[in-house]
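In what follows, residues are counted from 1 in the order of the sequence shown.
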Amino acid sequence: MTLNRILLFAAGLAGLCGVALSAVAYHTANPQLDAAAKILLGHAPLLVLLPLLADKPNYPGPLLRIAGLIAIVGLILFCGDLTLRSFASFSLFPYAAPTGGTTLMLAWILTGISAFWIRK
């Protein structure tokens with residue numbers, strides 16, 4: 001399986017989980033699940049876009065794919081931690097959600113840097 005397919009699969013999974021968590025958050029009035037759902041739904045398009053741009057001429061494919069992998073890690077840490085707290089009443093590890101949020105910011109920084117990295 002290529003990295004592009006992994007990113008697209010993760011995009012579909014993020015979208016699916018985001019919609020499902022949105023429904024649960026609405027019916028349970030759970031702000032942690034609502035936050036996780038919004039983050040998942042906000043980042044699913046990024047995971048679709050990055051592999052598409054990575055294959056275009058003059059775009060830094062490896063950097064964009066790395067940004068996508070970092071985004072996946074950030075989503076797992078941030079959304080996984082909030083979801084576990086809501087459903088199982090425990091955390092992945094101390095500061096997992098803030099670590100995931102910081103990781104997501106790193107993915108966005110790399111995405112922005114890619115605009116100035118010209119591939120020859």
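- For CZ of F93, the number of neighbouring non-hydrogen atoms (other residues, nucleotides, ligands) closer than 6.0 Å is greater than 12.
- The shortest distance between side-chain heavy atoms of F87 and L33 falls below 4.5 Å.
- Inter-residue side-chain proximity for I76 and I72 is flagged as met; some heavy-atom pair is nearer than 4.5 Å.
- Every side chain to side chain contact (heavy atoms under 4.5 Å, CB included) that I70 has, sequence neighbours left out, goes to I66, T103, L106, A107, L110.
- Take D34 and apply the side-chain hydrogen bond (donor to acceptor under 3.5 Å, both in side chains) test, not counting sequence neighbours, and it matches K38.
- Under the side chain to side chain contact (heavy atoms under 4.5 Å, CB included) criterion, L46 pairs with H43, L50, A71, W108, T111, not counting sequence neighbours.
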R65/L53 under side-chain contact (heavy atoms from CB on, under 4.5 Å): CA gap, chis, key distance, verdict: CA-CA 9 Å; R65 289 182 186 96; L53 286 176; over 6 Å; no
Output side-chain donor-acceptor pairs under 3.5 Å for residues 9-29, partner residues at least two apart or in another chain, one line each.
from : atom 1 : to  : atom 2 : distance (Å)
S22  : OG     : G18 : O      : 2.8
T28  : OG1    : V24 : O      : 2.7

Could you check I39 against L75 for side-chain contact (heavy atoms from CB on, under 4.5 Å), going step by step and ending with a plain yes or no? CA-CA 8 Å; I39 293 295; L75 288 173; 3.6 Å; yes
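- In this structure A115 satisfies the side chain to side chain contact (heavy atoms under 4.5 Å, CB included) test with no other residue, sequence neighbours excluded.
- Residue W117 comes nearest to P60 through the heavy atom pair O-CD, 3.4 Å, listed as atom of the first residue, atom of the second, then distance.
- Taking F90 as the reference, L84, A88 meet the side chain to side chain contact (heavy atoms under 4.5 Å, CB included) condition, with sequence neighbours excluded.
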